[in-house]
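In each ligand, atom 1 is the first atom listed, and ligand 1 is the first ligand listed. The residues of the chain are indexed from 1 along the displayed sequence.
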Amino acid sequence: MQKIKDSELRYRRLFEAAQDGILILDAETGMIEDVNPFLIKMLGYSREEFLQKRLWEVGAFKDVESSKDAFEALQVNEYIRYEDLPLKTKDGRLIQVEFVSNVYLVENEKVIQCNIRDITERWQAENALLESEEKFRKLVEHLPTVIYKNAVGDSSSTVYVSPQIETLLGYTAEEWVADPKLWSKTIHPLDRQRVLEKTFAADQSHEPFSMEYRMIAQDGRLIWVQDQIVLVNNLKGQPQFWQGIMLDITHRKLAEERIQRQLEHLTALGAIDRVIASNFDLRLSLSEILTHVLAELKVDAADILILNPNLQTLEYGADSGFRTHLVRKAEVRLGEGYAGRVALNRQLVQIKNLDEDLDHSLLTTVLKDESFVSYFGIPLITKGQVKGVLEVFNRSPLEPDEEWLDFFTALAGQASIALENVMLFESQQRSNQELALAYDATIEGWSRALDLRDRETEGHSQRVTRMTVQLARKFRLSEAELIQVRWGALLHDIGKMGVPDNILLKPAPLTEEEWVVMKQHPKFAYELLSPVRYLRLALDIPYCHHEKWDGSGYPQGLAGKEIPLTARIFAVVDVQDALCSDRPYRPAWSEEKIRKYIRDSSGTHFDPQVVDAFLKMTELNEN
Ligand code: C2E
Ligand code: SIN
Ligand code: SIN
Ligand code: FE
Ligand code: FE
């Protein structure tokens with residue numbers, strides 16, 4: 001009995017001192033028989049609030065859904081354990097407990113002992129860990145990036161890859177990890193070598209690196225990735241693994257490429273503009289355009305056909321990229337063939353597969369050796385009129401996007417402008433000719449007025465002009481040069497406008513001072529005429545007609561071939577005509593005397609070749 005008492009006492013002491021909460025229940029009724037001080041402190045309820053109550057009648061357990069079930073379970077089971085049960089303390093705090101109960105027989109009575117341990121701290125710590133793990137896992141798996149871990153020494157063998165790899169490339173994380181070659185197989189063939197070399201180098205150097213490259217997804221999509229990888233060391237500084245992220249940068253890359261292309265297109269358009277604006281050579285402008293057509297539109301060949309509005313045919317304008325020159329003989333009637341239809345209907349014609357197209361008779365004869373597959377033709381229209389057709393040909397199928405078609409249209413616009421410009425220039429040439437005719441009449445009138453001042457020389461300018469042009473033809477001058485000769489001769493003595501009447505009309509030889517003024521007249525002519533743009537080339541005669549072959553003439557004292565040919569020609573004609581007219585200072589010379597004078601002055605005053613030609617010509621004129 002004492003033994004029992006002793007053990008009861010020992011038990012009591014343990015019960016009182018235990019650092020776990022303990023409840024003793026009557027197994028029959030479920031009533032709480034005893035509660036230890038630790039539990040009272042843990043839950044904040046008084047001893048009275050526990051005693052003679054059922055478990056679920058105690059505030060702390062009221063909200064525990066399972067407590068009634070737990071009690072029933074307790075009655076049938078000898079042992080029960082809840083790893084974590086949430087209890088509410090009297091002051092409303094939630095604590096997490098481990099609940100363990102056992103059934104004992106005490107003096108033949110069944111007693112349930114519940115041990116209740118506060119595990120809140122441990123639970124919170126664990127939970128925090130789980131929570132943060134979960135948080136990071138969620139983060140990793142929802143990042144728009146692929147996170148991966150590769151082994152050191154073989155950076156292509158993947159230990160972990162986040163599931164987004166499937167979104168990115170269509171392979172599951174499991175497939176990715178299972179096949180160490182999958183990564184390198186997925187890299188775009190054009191980038192593979194560069195990427196593998198860089199990876200290999202990094203594996204040796206342990207340097208972190210970042211690179212951009214293309215991959216081919218399982219379904220064939222092209223994906224641009226940015227791959228950044230860094231070596232992670234353990235606490236001792238030894239390499240543990242490579243940690244990498246792979247970012248989908250396809251969108252940015254495509255945008256960049258597009259911007260780059262647009263820039264190239266703009267640059268091309270600018271280059272074409274400059275060529276068109278700076279020259280009136282249609283072939284050159286069209287060739288420049290075709291160079292850009294081939295480079296920017298990435299087609300194999302292109303040509304420009306120009307509409308001949310009279311014949312209603314398209315004729316060759318320029319070509320680039322053809323194997324033969326047959327296209328240069330092209331003559332397409334409006335409405336015939338692709339080009340003819342483009343021009344007639346003023347509409348883009350696109351043939352994506354020439355083999356399947358029936359209407360290609362011209363193409364088969366003219367272009368059969370070119371093995372073209374695709375064709376695009378676009379009309380060149382300015383001011384509402386079709387001026388020609390721009391055609392592009394490709395030896396493989398073309399699948400143009402909107403951007404391509406936009407640029408094709410822009411280049412066609414440029415070609416139209418080039419055609420328009422040249423046509424404008426040609427019509428300007430025409431109006432230049434009209435202008436020239438107006439000039440000619442003005443100059444003739446002017447020349448007549450000049451002769452009237454030099455009274456006795458009436459008709460002189462007309463005569464010398466006619467004869468100078470006639471003589472100049474013997475020297476094979478072009479029509480354009482002859483018109484300048486004509487104007488120069490008509491105006492040869494215009495400088496005499498600067499010579500006062502008392503000198504010009506003096507019926508006697510000139511004094512030395514008077515000669516100084518008289519010899520100014522070629523210079524006056526130069527000053528008068530040089531500002532007139534259309535007369536600039538006609539200046540040689542007024543300025544140089546008093547130069548002499550032996551260098552003794554004026555105003556510059558030029559000799560031999562330094563004197564412009566037209567002035568050398570003119571001088572002979574001028575002296576001949578002066579001598580056969582009366583002058584205030586002397587009467588006209590005889591025909592014979594003049595011819596002798598001219599012959600004698602050959603090689604001194606005159607160019608011997610001009611003298612010969614002149615004498616020959618005037619002899620024929622006479623006979
Ligand atoms: P112009 O009367 O039209 O004569 C043009 C050129 O024909 C002269 O250039 C000269 O090379 C030649 N020529 C004209 N008359 C004679 C002549 O009687 N003998 C010879 N050997 N050659 C003659 P040049 O000499 O430089 O004279 C330029 C212009 O000066 C002449 O144009 C005329 O307007 C004027 N001039 C020349 N000599 C006299 C003169 O004695 N009295 C006056 N009043 N004017 C003169
Ligand atoms: C032709 O078919 O007339 C020559 C090729 C072309 O249209 O450019
Ligand atoms: C063309 O005009 O470009 C080719 C004509 C054709 O073969 O139909
Ligand atoms: Fe003169
Ligand atoms: Fe003269």
Side-chain angles (χ1 to χ4, degrees), residues 443-444 446-469 471 485-529 538-558 563-564 566-607 610-611 614:
I443 291 161
E444 228 184 294
W446 204 358
S447 150
R448 222 171 255 138
L450 291 170
D451 280 358
L452 284 177
R453 174 154 178 257
D454 216 350
R455 249 165 265 150
E456 306 212 18
T457 67
E458 211 183 316
H460 164 69
S461 292
Q462 300 284 321
R463 285 193 307 274
V464 294
T465 297
R466 215 179 308 122
M467 194 170 287
T468 304
V469 171
L471 184 56
V485 167
R486 177 178 156 73
W487 290 349
L490 281 169
L491 299 174
H492 75 277
D493 269 341
I494 191 173
K496 282 187 180 165
M497 282 188 10
V499 178
D501 280 356
N502 65 321
I503 298 174
L504 186 68
L505 305 178
K506 186 180 174 189
L510 302 176
T511 66
E512 214 170 311
E513 296 79 46
E514 287 166 342
W515 264 116
V516 171
V517 178
M518 181 54 77
K519 284 183 172 178
Q520 296 285 329
H521 82 273
K523 270 185 69 189
F524 289 149
Y526 183 86
E527 283 156 20
L528 262 167
L529 298 182
L539 265 176
D540 285 347
I541 291 173
Y543 190 38
C544 304
H545 69 285
H546 289 298
E547 301 289 355
K548 293 185 178 175
W549 184 254
D550 62 7
S552 66
Y554 62 90
Q556 300 177 87
L558 301 176
I563 307 163
T566 54
R568 280 181 267 143
I569 294 168
F570 177 80
V572 176
V573 178
D574 186 39
V575 170
Q576 187 264 349
D577 194 86
L579 291 176
C580 72
S581 316
D582 290 326
R583 283 287 185 265
Y585 53 92
R586 54 128 188 92
W589 287 13
S590 75
E591 190 62 53
E592 213 163 312
K593 191 177 173 189
I594 295 171
R595 288 183 72 87
K596 184 178 185 313
Y597 178 80
I598 288 174
R599 200 177 294 118
D600 290 349
S601 302
S602 174
T604 53
H605 188 165
F606 305 123
D607 175 352
V610 176
V611 171
F614 175 83

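At a threshold of 4.5 Å between non-hydrogen side-chain atoms, the residues Arg586 and Leu579 count as touching. Residues Gln520 and Glu527 are not in side-chain contact: their nearest non-hydrogen atoms beyond the backbone lie 4.5 Å or more apart. Between Asp493 and Ser461, every side-chain heavy-atom pair lies at or beyond the 4.5 Å cut-off. With a 4.5 Å cut-off on side-chain heavy atoms, His545 and Asp540 do not count as touching. Proximity of Tyr543 to Pro555: side-chain heavy atoms (C-beta onward) are separated by under 4.5 Å at one or more points. For the pair Val575/Phe606, a side-chain contact is recorded, criterion being any heavy-atom separation below 4.5 Å from C-beta on. A heavy-atom distance below 4.5 Å is not found between the side chains of Arg568 and Leu558.
Taking every heavy atom of both residues into account, Leu471 and Ile569 meet most closely at CD2-CG2, 3.5 Å. The minimum heavy-atom distance between Pro500 and Val517, with the atom names listed, is CD-CG1, 3.9 Å. Residues Met518 and Ile503 share a closest heavy-atom pair of CE-CG2, 4.2 Å.
The count of protein N, O or S atoms under 2.8 Å from the Fe ion (ligand 4) stands at 4, with waters excluded from the count.
In the vicinity of Ala578, heavy-atom distances shorter than 4.0 Å reach the ligand 1 atoms 4 (O), 5 (C), 7 (O), 14 (C). The contact set between ligand 1 and Val575, taken as ligand atoms under 4.0 Å from a residue heavy atom, comprises 7 (O), 11 (O), 12 (C). Close approach of ligand 1 to Arg583 is summarised as follows: ligand atoms under 4.0 Å from at least one heavy atom of the residue are 1 (P), 2 (O), 3 (O). Those atoms of ligand 1 that come under 4.0 Å of a heavy atom in His546, given as number and element, are 9 (O), 26 (O), 28 (C).
No N or O atom of Trp589 sits closer than 3.5 Å to an N or O atom of ligand 1. Considering backbone and side-chain N/O atoms, His605 never comes within less than 3.5 Å of an N/O atom of ligand 1. The shortest N or O to N or O distance between His521 and ligand 1 is not under 3.5 Å. Any N or O atom pair closer than 3.5 Å counts here, and Tyr554 shares at least one such pair with ligand 1.
Under a 4.0 angstrom heavy-atom cut-off, Ile503 registers as being in contact with ligand 1. Heavy atoms of Lys496 approach ligand 1 to within less than 4.0 angstrom.
Under 4.0 angstrom from ligand 1, there are no non-hydrogen atoms of Leu505. Proximity of Ala508 to ligand 1, defined as any heavy-atom pair under 4.0 Å, is confined to the backbone N, CA, C and O atoms. Both the backbone and the side chain of Lys506 come within 4.0 Å of ligand 1, judged by heavy-atom distances. At a heavy-atom cutoff of 4.0 Å, ligand 1 is contacted by no atom of His460, backbone or side chain.
Between His546 and Tyr554, the ring-plane angle classifies as parallel under the 30° and 60° cut-offs. Between Tyr597 and Trp589, the ring-plane angle classifies as perpendicular under the 30° and 60° cut-offs.
Among Tyr597, Trp515, Tyr585, the residue whose heavy atom lies nearest to atom 46 (C) of ligand 1 is Tyr585.
Asp574 and His460 share a donor-acceptor pair across their side chains, judged by distance under 3.5 Å alone.
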